[in-house]
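Reviewing the structure listed below.
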Protein chains: 2
Amino acid sequence: MSQHRPVGTPGRVGAVPALPDLPEATVARLPEYLRALHNLAETGHDTVSSEELATAAGVNSAKLRKDLSQLGSYGTRGVGYDVALLIDQIEFVLGLTQCRAVALVGVGNLGHALAGYAGFAGRGFRIAALFDADPARLGEVINGLVVRHIDEFPQVAAEESIAIGVIATPATAAQGVADQLVAAGVTSILNFAPCVLVVPDGVDVRKVDLAIELQILSFHEHRKAALTGLPATAGSGLAPAGAGRATSNGSSPAGLTALPGGLAATGTTEAAPTGTLRSTNAEAVGS
Amino acid sequence: MSQHRPVGTPGRVGAVPALPDLPEATVARLPEYLRALHNLAETGHDTVSSEELATAAGVNSAKLRKDLSQLGSYGTRGVGYDVALLIDQIEFVLGLTQCRAVALVGVGNLGHALAGYAGFAGRGFRIAALFDADPARLGEVINGLVVRHIDEFPQVAAEESIAIGVIATPATAAQGVADQLVAAGVTSILNFAPCVLVVPDGVDVRKVDLAIELQILSFHEHRKAALTGLPATAGSGLAPAGAGRATSNGSSPAGLTALPGGLAATGTTEAAPTGTLRSTNAEAVGS
DNA sequence: AAATGTGAAGACGTTCACAGCG
DNA sequence: CGCTGTGAACGTCTTCACATTT
């Protein structure tokens, strides 16, 4: 709480400003604010109020203000935030002032799509190299990049200054790949394989597991079905204007449902949690 | 809290077990436990201790025990948990006893990969239909499914009992698609488009944004670079066996970094915990 | 008057440590 | 004795409400 830096006179001297250590929850939302800000900038807005920006980013305004205040941000009371300035601030904090080179390992179904994903480019990242272990895939060209053997990684990583790796291999190969990446100096990994990665301290791992996301939704479906009793279709209202309420979620008593027998269902593996958003419900229509 | 159901005698009679309303954080971890349990089951384990399962799932044992106790789970003191039983329990709670039909909208780069993703099948989900708005893509067959026009959604949704939709369209189209899905009775949406969706109450939305994940990693890269002072590559130790420590994360003094334009921020840096998983460091090698 | 920045309160989540059971 | 289950302590995140500033 009391732990602020001596902001006495703001960034005065030459090399003063370091990175404030932001709460993780805040860090996870900054990219969202950034995206919203870029949208606003393109729409010709010069300033935004916390209310407007919060709505655009899908959070409430108090949270947004607190988040921005963490970076010692510069809003003007009575006016709002300067869009361009905020963009610079956030991009700086996120380390996006330089385009970062990332390596993608595993060019299967998903990896292929990631390699071709246009969304990375405009957001500060460049896929600098593709790797796989399968001899059959080596040499293949995707989006202008040749697929190389994973053993070439150390060399390429050094050449391209790669510090971030994306793993899109099968689960069985993921840990081995992670070890190779870490050994070659990678310090951040985005893991799409449905498994837990063990890495040394100082290496950050984030995980994206598609099946897990669906399973979480499944839980809520299950819950909603139990509450309403009727799993029917029901064409509810559209989103536009005053959205209608659907399930109340509070302290209502849970519904009952029959238990499975001695079944042994399907599935096999999955993955981890996400620090992402949850359901939103405001009144304004999106775009 | 304290809100459990009378679990007096376990899942005995016919319709006893209701859904406790679990903390979201717990729900988000259950799929991870489930995956670990399936792995254990395949390896011939009949029981697991909280310690073992926790390690396999990448969490600490106290958290795991608390999570499992929420579902009134059945561990045996002095022994551990029955693997098969726990699997059933968790699958039941997550609503995975039935295979759920999901619709995928947007068969572009990413959507294409999702349509072909094998990981869903074994995990309780079936992609039941594909949609797009682009006439050029209609009729295309992916993985045995024909791409249909989004306007056919209501009809197909009714036929296939679809309650979960996956949006993999460009951001500009996403809100419109979401409205269509909701109007047709969809109550859960997994959104891959980089935008905020506005939906009525009672509809759950989860978002997966690949660029955001990378941006979060970028932040940590930026921070680590500021701490070490040297953004060089540096091949650290391998992960296998006794993992080596990389960055010490404690109270090391913060490094300074030059600011862009006329910004000014200050402060000390420090390591922060994550809501989700973070770097792990145990000694055992993964698989 | 309008909107930011922030203490303080509250909700939520995690970790500790041990009682209690097998 | 080993391991689960859980009360209590602790820490983090969110929300409220208002003093402060332009």
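Residue numbers start from 1 in every chain, and the chains themselves are labelled A, B, ... in the order their sequence lines are given, proteins ahead of strands. Computed from a prediction, not measured in an experiment: that's the story for all the values here.
Contact check, B:Tyr81 against D:dG2: no side-chain N or O comes under 4.0 Å of OP1 or OP2. Distances shown here put every side-chain N or O of B:Arg65 at or beyond 4.0 Å from the OP1 or OP2 atom of C:dC16. At least one side-chain nitrogen or oxygen of B:Lys63 sits closer than 4.0 Å to the OP1 or OP2 atom of C:dT15. Contact check, B:Ser50 against D:dC3: no side-chain N or O comes under 4.0 Å of OP1 or OP2. One finds a side-chain N or O of B:Asn60 lying less than 4.0 angstrom from the OP1 or OP2 phosphate oxygen of C:dT15.
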Nucleotide N/O to protein N/O under 3.5 Å, stretch nucleotides 19-22 of chain C:
unit_1 : atom_1 : unit_2  : atom_2 : d
C:dG20 : N3     : B:Arg77 : NH1    : 3.3

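Using a 4.0 Å cut-off between a side-chain N of Lys or Arg and a carboxylate O of Asp or Glu, A:Glu51 and A:Arg65 do not qualify as a salt bridge. A salt bridge links B:Asp209 with A:Arg123: at least one charged nitrogen is closer than 4.0 Å to a carboxylate oxygen.
Checked against salt bridge (charged side-chain N to carboxylate O under 4.0 Å, His left out), A:Glu221 has the following partners two or more places apart in sequence or in another chain: A:Lys224. Take A:Arg100 and apply the salt bridge (charged side-chain N to carboxylate O under 4.0 Å, His left out) test, not counting sequence neighbours, and it matches no residue.
Side-chain proximity of B:Ser69 to D:dG5, C:dG13, D:dC13: nearest is D:dG5. Checking D:dA8, C:dA8, D:dG5 against the side-chain heavy atoms of A:Lys66 singles out C:dA8 as nearest.
When rounded to the nearest whole Å, the span between CD of B:Glu51 and P of C:dT15 equals 13 Å. In this structure, CG of A:Leu71 is placed 15 Å from C1' of C:dT6, rounded to the nearest angstrom. Rounding to whole angstrom units, CG of residue B:Asp21 and C1' of C:dC12 are separated by 14 Å. Put simply, CG on A:Leu68 is 14 Å from C1' on C:dT6, counting in whole angstrom units. Between B:Glu24 atom CD and D:dC13 atom P there is a gap of 17 Å when expressed in whole angstrom units. Regarding A:Asp67, its CG atom lies at a distance of 13 Å from the C1' atom of D:dT15, rounded to whole Å.
The only option from A:Thr26, A:Val27, A:Leu22 that meets the side-chain contact (heavy atoms from CB on, under 4.5 Å) definition with A:Asp67 turns out to be A:Thr26.
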